[in-house]
Every structure is written in structure tokens, then in C-alpha cells.
Student: 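Quick one: the structure is below, and I'll ask about it shortly.
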Amino acid sequence: MSKEFDEIIDSLKAYIDGERISGEEEICFPPMEKKVGSVTGKDLAVLKKEVSVCQECSLAKTRTNVVFGEGNPNAELMFVGEAPGADEDRLGEPFVGRAGQLLTKIIESIGLKREDVYIANILKCRPPGNRNPLPGEIAACSPYLVKQIDEIKPRVICALGKFAAQTLLSSEATIGKLRGKFHDYLGVKLMPTYHPAYLLRNSSGKKDVWEDMKAIAKELGIKVKKG
Ligand code: SF4
């Protein structure tokens, strides 16, 4: 883990701790309500098998592994990123590189564990050289994400970064304009925020991410008491 990464994590922790002890707010994290009814993950497993052999776009030729997504099939909070990077392509798991480690810390900052949430991407295969996804690739792959969301039925989706937010919301607005408030995505509340990879390069975004995470926590039943 690089020194820069450690500094960002420490900085994020310090900011969160500062918020907690500032006297302005006392933040409590009671357990989230469980949804009525649950999915076993069986339908997701069937879908994962289908996606694992997908040849619907040209990325099938260059991928090492399909990165379907992972997490709690009953998750109330789902994160959606852009596409797998090199580490994810190699391992077949979402958000496992430095940005993934930072995402884990961000999840933990609101009292959850990584295994409590579900994490997926718009695209299931890595674009070569991490280039931006092409419209045809998005059109081919997005039905899988829609099915994942339909199976998991999260109460809140957090779109990580400009690309995921713009794609899910069919918007060309900047992430700076989109973040900070809930939008509607197929009847689910969607909060855009900065991508962890952006935070690795621009630690000034951490305050905004913390504000967005607090709003998500509140929406999920987390009480934020005035001190
Ligand atoms: S990116 Fe999506 S549509 Fe394209 S091959 Fe991979 S799974 Fe199929």
C-alpha cells in the first residue's frame, strides 16, 4: 500500500472522527432494518453463470475474467462503479485494487462491512487500457445490471463517479452537480458521489464523499442527532 494511499485513508478517518467529536453532531449507527422477504442469491447465481460466458460485445475478446459483482444478495445499499480495472480483470472481483481498499474504508465509515453491501459495475468486462466504455458496450451490458438491481432490490444505490452516475441517470451533468442529492433510478434512491480512484488523486473530495455517505446512512435509518 503506498504512502499516498495511507495518507488519504488517515485523512478520511481523521475527518470522520472530527465530525463525530465536534459537538455539532453525534452520529449513531443502529442496525439497519431487514427487508421483508429475501433472496437467496440463487437467481443472481444463475445470472452470473449466464454473464460468465457472455459474448455480447467485443470486450469478451480482451477480458481475462468477467467481473459480475459480489456482496449480500439482500443488500439495502448497492454500489455501482464504471468497469473493471486491471486488478479486477485479473481476479474476477470488483473493486479489489487501491480504489477498492478505499471503498471498503468508505463503507466502514458508516458502520457497515463490505459484505453487508453489494458492489457491481456498469460493464462486467474490462475495457482495454481502462479506456471509457463505448455506447455499444453499455447497451449490451446494462441489462445485466438492471437484472442485478431487480434481484437485490436495494433501498439505495450509490453511483461511484461521473461515468456511473451519468449512465444510470441518462445525464450529461458533471459529478459535482449530480452528487449531494438523491435522484430516482427505476424507483430506487440513487446518490452519486466521487469515485474512490478520484479520491486517491484528489483528497479534497473526501469531505463531499463523507457528506454523501451520511445522507445515505440517514436514508437507511441511521440516526444523526444534533449534539
Ligand atoms: S462487457 Fe458485458 S456485454 Fe460485453 S462481453 Fe462483457 S458481459 Fe458481455
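Positions are given from 1 along the sequence. One-based numbering, in listed order, for ligands and for the atoms of each. These numbers come from a predicted model, not from an experiment.
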Student: Would you say that Glu88 contacts Val96 through its side chain, given a criterion of any heavy-atom pair below 4.5 Å between the two side chains?
Tutor: yes
Student: Hey, does Ile106 have a side-chain heavy atom less than 4.5 Å from the side chain of Thr193?
Tutor: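 No, side chains not in contact.
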Student: Counting no waters, how many protein N/O/S atoms sit under 2.8 Å from atom 2 (Fe) of ligand 1?
Tutor: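 That number is 1, waters not included.
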Student: Number the atoms of ligand 1 from 1 as they appear, then name those within less than 4.0 Å of a heavy atom of Arg63, with their elements.
Tutor: 5 (S), 6 (Fe)
Student: Under 3.5 Å, sequence neighbours excluded: what are the donor-acceptor pairs made by side chains of residues 48-61?
Tutor:
| from | atom 1 | to | atom 2 | distance (Å) |
| --- | --- | --- | --- | --- |
| Ser52 | OG | Lys49 | O | 2.6 |

Student: Under a 3.5 Å distance rule, please check whether Asp89 uses its side chain to pair with a backbone N or O of Thr64 as donor and acceptor.
Tutor: yes
Student: Testing Leu123, Asn132, Leu160 for side-chain contact (heavy atoms from CB on, under 4.5 Å) with Glu82, which one passes?
Tutor: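 With Glu82 as partner, Leu123, Asn132, Leu160 yield a single side-chain contact (heavy atoms from CB on, under 4.5 Å), made by Asn132.
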Student: When you measure from the side chain of Asn72 to the backbone of Val117, do you find a donor-acceptor pair of N or O atoms at a distance under 3.5 Å?
Tutor: no
